[in-house]
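Below is one structure, written out as structure tokens; the observations come after it.
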Amino acid sequence: MSTRIYDCLKCIGEKIIENKDFLTDLDREIGDADHGVNMARGFTAVIEKTSPDDPDIGAVLKKTGMTLLSTVGGASGPLYGTAYMEAAKVLAGKDTLSAEDFKAALEAAIAGIQKRGKAEKGEKTMLDSLIPALDAYSAKIAEGGSLVDGLEKACEAAEEGIEFTKTIAATKGRASYLGDRSIGHQDPGATSATMTLEVIRDFLKG
Ligand SMILES: Nc1ncnc2c1ncn2[C@@H]1O[C@H](COP(=O)(O)OP(=O)(O)OP(=O)(O)O)[C@@H](O)[C@H]1O
Ligand SMILES: [Mg+2]
């Protein structure tokens with residue numbers, strides 16, 4: 001049984017679906033106005049396909065990744081799909097999540113995104129929220145912080161990452177076609193990635 005991970009994913013999906021228009025509007029500024037639509041379609045399918053009866057955390061995340069891969073499309077479908085599938089490998093067979101488990105899963109997710117998207121920090125993508133979030137998370141748990149303490153720091157860093165994306169030009173993805181005209185706009189993927197971390201934080205805080 002994996003009721004908690006299912007409930008958490010459902011909350012992530014609901015948040016993304018709630019923010020469909022907001023994410024799409026951000027992508028209208030520097031892309032092709034589909035990020036929210038893409039992600040909402042993907043998470044609607046994820047909520048349908050996953051179940052509290054799936055055997056463990058890894059199984060739910062694997063199904064999530066595969067579903068996102070096949071339904072989201074665009075750049076973000078393969079990237080988020082890979083992220084969830086890589087996290088699933090790390091959490092295979094687990095029923096509970098320790099602070100170290102979450103770190104390992106986030107690391108694997110980011111490595112998967114980077115392998116697939118060939119991007120680094122500073123290119124105005126979801127990585128500008130996720131990489132600082134991982135760094136802040138790791139620092140907090142290294143000093144003895146709990147999973148939730150780490151996530152509080154991760155979310156602060158991810159929010160700062162969104163702000164940072166406003167100050168730089170995109171060098172990856174569709175927004176890179178705009179060059180310097182992308183400066184001043186926040187990255188849609190960094191925004192959806194930050195929302196994801198915030199939902200996990202709030203879910204675990206209870
Ligand atoms: N190479 C990459 N590495 C990491 N993230 C990326 C990369 N390319 C794009 N992104 C992220 O994807 C987001 C855009 O996702 P979206 O769903 O709108 O796909 P898209 O760019 O419209 O795809 P396509 O151009 O194939 O239609 C960006 O805001 C950015 O955060
Ligand atoms: Mg787009």
Side-chain angles (χ1 to χ4, degrees), residues 9 12-47 64-87 105-137 154-155 157-200:
L9 268 167
I12 294 172
E14 284 165 359
K15 179 84 175 179
I16 298 281
I17 292 164
E18 243 171 66
N19 283 282
K20 178 171 99 171
D21 292 344
F22 172 56
L23 292 169
T24 292
D25 288 345
L26 293 177
D27 194 32
R28 183 170 291 116
E29 303 288 332
I30 56 169
D32 55 354
D34 65 356
H35 187 59
V37 176
N38 289 345
M39 294 291 287
R41 181 174 58 244
F43 272 97
T44 302
V46 166
I47 293 170
T64 301
M66 288 169 63
T67 305
L68 294 177
L69 216 55
S70 62
T71 56
V72 175
S76 56
L79 295 168
Y80 272 114
T82 303
Y84 279 95
M85 305 251 290
E86 292 300 318
L106 186 56
E107 258 167 9
I110 290 171
I113 293 169
Q114 290 200 273
K115 191 164 176 216
R116 189 119 199 180
K118 308 266 180 286
E120 302 291 335
K121 198 166 86 171
E123 300 203 79
K124 200 179 180 97
T125 72
M126 56 180 73
L127 292 167
D128 291 317
S129 284
L130 290 173
I131 293 175
L134 172 62
D135 292 344
Y137 180 86
C155 291
E159 284 286 354
E160 284 166 19
I162 294 179
E163 292 306 310
F164 173 61
T165 64
K166 293 182 187 171
T167 69
I168 56 173
T171 50
K172 282 285 183 312
R174 198 176 271 279
S176 66
Y177 306 160
L178 290 178
D180 283 353
R181 279 182 293 138
S182 65
I183 297 173
H185 301 284
Q186 83 189 56
D187 180 62
T191 309
S192 58
T194 300
M195 276 176 192
T196 304
L197 292 170
E198 288 174 345
V199 172
I200 300 171

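Index from 1, following the sequence. Note that ligands are numbered from 1 as they come in the structure, with each ligand's atoms numbered from 1 the same way. Excluded from the calculations below are hydrogen atoms, water molecules and symmetry mates; all remaining heavy atoms, backbone and side chain alike, are included.
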Does any N or O of ligand 1 fall below 3.5 Å from an N or O anywhere on Lys118, backbone included? no
Check for a donor-acceptor pair, side chain of Glu123 on one end and backbone N or O of Ala170 on the other, with a separation under 3.5 Å. no
Thr82 vs Ile113 side-chain heavy atoms within contact, under 4.5 Å: no
Specify the closest pair of heavy atoms between Ile168 and Lys124, including all atoms of both residues, with the distance to one decimal. O-NZ, 3.0 Å
Would a distance-only check, ignoring hydrogens and angles, find a side-chain to backbone donor-acceptor pair under 3.5 Å from Thr24 to Val37? yes
As a check for students: among Ala170, Ala193, Ala75, identify the option with a heavy atom nearest to atom 20 (P) of ligand 1. Ala75
Met126 N/O to ligand 1 N/O under 3.5 Å: yes
Taking atom 8 (N) of ligand 1 as the reference point, the nearest protein heavy atom with its distance: Gly173 CA, 3.6 Å
Is it the case that ligand 1 has an N or O less than 3.5 angstrom from some N or O of Asp27? yes
Closest protein heavy atom to atom 25 (O) of ligand 1, given as residue, atom name and distance to 0.1 Å: Arg174 NE, 2.9 Å
Taking every non-hydrogen atom, the tightest pair across Ser192 and His35: OG-NE2, 2.9 Å
Starting from atom 29 (O) of ligand 1, find the nearest protein heavy-atom neighbour and note its residue, name and distance. Asp187 OD1, 2.6 Å
Side chain, backbone, both or neither: Val72 near ligand 1, heavy atoms under 4.0 Å: neither
Checking the side chain of Ser129 only, and the main-chain atoms of Met126 only, is there a donor and an acceptor separated by less than 3.5 Å? no
Residue of the set Thr67, Ile16, Thr71, Val72 for which side chain to side chain contact (heavy atoms under 4.5 Å, CB included) holds with Phe43: Ile16
Contacting atoms of ligand 1, where contact means under 4.0 angstrom from a heavy atom of Pro188: 29 (O)
Taking atom NZ of Lys172 as the centre, does the number of heavy atoms from other residues, nucleotides or ligands within less than 6.0 Å exceed 12? yes
Should Gly189 be counted as touching ligand 1, given the test is an N or O pair under 3.5 Å? yes
What's the shortest distance from atom 15 (O) of ligand 1 to any protein heavy atom, and which residue and atom give it? His35 ND1, 3.2 Å
Atoms in ligand 1 flagged as close to Asp34, the criterion being non-hydrogen separation under 4.0 Å: 16 (P), 18 (O), 22 (O)
Ignoring angles and geometry beyond distance, decide whether Ala119 reaches within less than 3.5 Å of ligand 1 through its nitrogen or oxygen atoms. no
All heavy atoms of Gly73 vs all of Pro78, minimum pair found to be O-CD, 4.0 Å
Per atom 17 (O) of ligand 1, closest listed option by heavy atom (Ser76, Gly77, Ala83): Ser76
Carefully, step by step, assess Tyr80 and Thr196 under the rule side chain to side chain donor-acceptor pair (under 3.5 Å). CA-CA 11 Å; Tyr80 272 114; Thr196 304; 4.8 Å; no
Ala133 versus Leu197, closest heavy-atom pair with distance: CB-CD1, 3.6 Å
Would a distance-only check, ignoring hydrogens and angles, find a side-chain to backbone donor-acceptor pair under 3.5 Å from Asp128 to Lys121? no
OD2 (Asp27) to the Mg ion (ligand 2) to OD1 (Asp32): angle, nearest 10 degrees? 90°
Any N/O pair Lys124/ligand 1 closer than 3.5 Å: no
Taking only heavy atoms of Asp32 into account, list the atoms of ligand 1 that are under 4.0 Å away from them. 22 (O), 27 (O)
Has Lys166 got a side-chain atom pairing as donor or acceptor with Gln186's backbone, closer than 3.5 angstrom? no
Check each heavy atom of Thr125 against ligand 1 and say whether those closer than 4.0 Å belong to the side chain, the backbone, both or neither. both
For the Mg ion (ligand 2), give me the closest N/O/S atom belonging to Asp34, just the atom name. OD1
For Gly117, atoms of ligand 1 separated by under 4.0 Å from a heavy atom: 1 (N), 2 (C), 3 (N)
Show which atoms of ligand 1 fall inside a sub-4.0 Å distance from at least one heavy-atom site of Leu79. 2 (C), 3 (N), 4 (C), 5 (N), 6 (C), 7 (C), 10 (N)
